[in-house]
Every structure is written in C-alpha cells, then in structure tokens.
Amino acid sequence: MPELPEVETIRRGLENRVVGATIASIDVRAPKIFEGKPEDVIGHEITGVERHGKLLVFLLTGGNVLTVHLKMTGQLIWQPAADSQAEPVMGGHPEESYLHNLPHKHTHVVLKLSDGSTIFFNDLRKFGRMSVVPASNFNDLAFVQKLGPEPLEADFTRKYLQEQLQKRPRTVVKSFLLDQANIAGLGNIYADESLFRAAILPNRLSGSLTTGESNNLFDAIQETLELALMYGGSSEKDYVNAIGDKGTYLKIANVYHRTGKDCNRCNAGVIERIKIGGRSTHFCPICQH
DNA sequence: CACTTGACCTGTCCGC
DNA sequence: TGCGGACAGGTCAAGT
C-alpha cells in the first residue's frame with residue numbers, strides 16, 4: 001500500500017492532532033507486530049511526526065522514537081476522545097465496517113493518548129511493524145541507512161538521478177525506481193505512473209536513458225508525487241488516511257490498474273500489464289519508448 | 001552485481 | 001455454490 005503520498009498524507013493528518021499529547025497506554029493485541037517494550041514510551045510526549053521514505057516516526061521525549069511501517073495493508077487511524085465536540089467522528093465511508101467499531105480483528109496495536117484520543121494500528125496482512133528504537137540509534141538502522149534522497153526535497157536533483165541511473169546501468173528502470181536506496185518512497189503505483197508521465201518504457205535499462213529522458217523522468221517523479229499528494233494518495237483497497245478517508249488518485253491514474261483501457265495520452269495504445277521483478281507493471285506500448 | 005524466488009499473512013476475485 | 005489458483009500497495013533473505 002502506502003507509498004510516499006499515502007504515508008505523507010497520514011503523517012500530516014497525525015501531526016496536527018497528536019503532537020503535544022502523551023502516550024497514556026499501549027494495548028498490544030498481536031505481539032509480533034510490536035517490537036520493543038511499550039513501557040519505554042508510555043508516559044512520554046509526542047514531540048513530532050516524521051516520515052523517512054515510507055517509514056513513519058513518532059518523536060518522543062525520554063530518548064526513544066516509535067517507528068511504524070505499514071507495508072502493504074497497514075492503517076494508522078486516529079479517533080478523537082469519545083466526548084470530543086471539536087472533531088467529526090470519522091472521515092466517512094460508513095458502508096465499510098472495517099473502519100468502524102475499532103478495535104476490530106485486524107487491529108493489532110491501540111495507543112491511548114493523554115487527551116483521550118486513540119490511534120489504532122490495523123493491518124490485514126500483518127506485514128507491518130511498530131518498533132521502539134532509541135533515538136540515538138535511529139540513523140543507524142539498516143533500513144534508514146539505505147534510504148536514498150527524498151524525491152520532493154532539495155537533495156534529489158537532476159544530476160543525482162542521472163548519475164544514479166548510470167551507476168546501475170544494467171538494472172531495469174522500473175526496478176531502479178522501486179529500490180529505496182535510489183529514491184525513498186516510490187512504490188509500484190507511482191513508479192508506473194512516473195514512467196508513463198516520462199514516456200519511458202518500464203523495461204528499459206537504466207543505463208540506456210539519455211540525459212533528456214533522465215530529466216523527463218525527474219520531472220515526472222516530482223509531478224506524479226505532487227499530484228498524488230493533492231489527491232490524498234491512492235486507495236486500491238485498504239489505504240485510508242489518519243481519519244479514515246480514502247485517497248482518490250486512482251481516478252486520474254494513467255496506467256496503474258488500467259489494463260485494457262485506452263491510453264489517455266495517445267488514444268492509440270491500450271494499456272498493457274506485464275511482470276517486472278515480480279511486480280505487476282502497467283504501461284502504454286505506443287507512446288512510451 | 002543483478003535478478004529470481006520465497007517468505008511473511010489474509011482476503012478477494014476469477015475461471016471452471 | 002464450491003474449489004483452486006492468481007493476485008495484492010513492501011521488504012528481506014537466500015539462491016543462481
């Protein structure tokens with residue numbers, strides 16, 4: 001699920017609701033999902049919510065941080081105190097019961113905050129993890145060390161992308177984009193969408209991209225992610241933001257999950273789906289080259 | 001080094 | 001209606 005736009009949307013939704021609150025209690029309903037000791041974070045204040053690639057990080061007083069990776073189907077849903085009058089109950093979608101009656105059978109961790117609000121960590125497939133990590137060790141985590149630059153920040157440049165492509169010349173460009181060491185936060189949806197926007201076939205070798213194509217790809221990645229952020233991310237199935245709302249990017253997606261449909265750009269091609277690196281990959285065979 | 005496969009899990013969808 | 005297989009946003013380890 002969650003790629004950069006989804007995780008960032010969750011982060012923004014949490015930041016202005018939980019910063020300043022203290023973690024009052026933690027109910028770990030699925031022990032495998034929670035790594036570390038709950039007592040190391042209970043009683044400590046949340047001072048910030050960061051995102052590093054697809055990893056969410058709650059900054060805390062007391063020397064630890066709480067990291068959350070949602071993997072494919074994880075959700076972090078915040079609900080206000082039961083007696084709160086300031087906030088709506090949920091974002092909507094009452095027809096979908098899995099958003100309601102929290103906690104439910106896919107709720108694995110429940111964080112109660114000092115203001116009476118609650119954060120539910122749900123994950124149908126149980127791939128996701130919540131971990132307590134000493135703040136001083138955070139940057140040494142293998143996962144964090146490997147992360148490449150944030151694609152919407154200043155250290156991601158045209159020059160960097162071109163150089164990095166040439167350092168992995170024999171890697172298929174779709175796989176290059178999915179490698180978090182090259183760019184942090186792209187996943188299967190936005191890799192396909194970015195390649196379409198850049199008009200580059202996903203099975204091209206990274207080393208074969210011209211400077212012009214590399215620059216087009218750079219622009220396409222940033223445009224795609226910014227657009228996805230504006231639409232609140234993509235909800236293929238499970239993704240919801242911090243208050244339970246779905247994202248609507250897939251309404252304007254050009255290739256992802258559009259197999260067999262007419263190409264939005266050239267109107268001549270029909271979107272195809274192939275496998276690259278074991279991941280389904282969507283593209284227009286006519287206007288991507 | 002680059003690529004593939006399997007593992008981790010549960011659920012949904014499609015064809016027969 | 002039931003059954004089996006394919007597939008699903010991510011990452012990691014092991015094998016070729």
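The chains referred to below are lettered A, B, ... by the order of the sequence lines, with proteins before strands, and numbering in each begins at 1. Because only heavy atoms are used, hydrogens play no part in the values below, and waters and symmetry mates are left out as well, while side chains stay in.
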(message) Whether A/T73 contacts C/dG10 is assessed here as follows: a side-chain N or O lying under 4.0 Å from the phosphate OP1 or OP2. Is that the case?
(response) no

(request) Kindly say if A/K146 contacts the phosphate of C/dC12, meaning a side-chain N or O under 4.0 Å from OP1 or OP2. (result) yes

(message) Should A/F127 be counted as stacked on B/dC8, where stacking needs a ring-centre gap under 5.5 Å and an angle between planes under 30 degrees?
(response) yes

(request) Between A/L124 and A/A142, just flag the one whose closest nucleotide in DNA chain C comes earlier from the 5' side. (result) A/L124

(request) May I ask you to check whether A/F120 and A/H108 place their ring centers less than 6.0 Å from one another? (result) no

(message) Between A/H52 and A/F138 (judged by ring centroids, cut-off 6.0 Å), do the two rings come close enough to count as a pair?
(response) yes

Send over the distance from [X] [atom1] to [N] [atom2], rounded to a whole Å.
X      : N      : atom1 : atom2 : value
A/M130 : C/dG10 : CE    : C1'   : 17 Å
A/K126 : C/dG10 : NZ    : P     : 21 Å
A/D123 : C/dG10 : CG    : P     : 13 Å
A/H282 : C/dA8  : NE2   : P     : 7 Å

(request) Can you label the angle between the A/F218 ring and the A/F156 ring as parallel, tilted or perpendicular, going by 30° and 60°? (result) parallel

(request) Find out whether the Lys NZ or Arg CZ of A/R129 is both under 6.0 angstrom from the six-membered ring centre of A/F34 and within 45° of the ring's axis. (result) no

(message) As a test of reading the structure: which of C/dA8, C/dC12, B/dA2 is closest to the side chain of A/T171, going by heavy atoms?
(response) B/dA2

(request) Using the closest heavy atom to pick a nucleotide of DNA chain B for each, name whichever of A/R168 or A/G278 lands nearer the 5' end. (result) A/R168

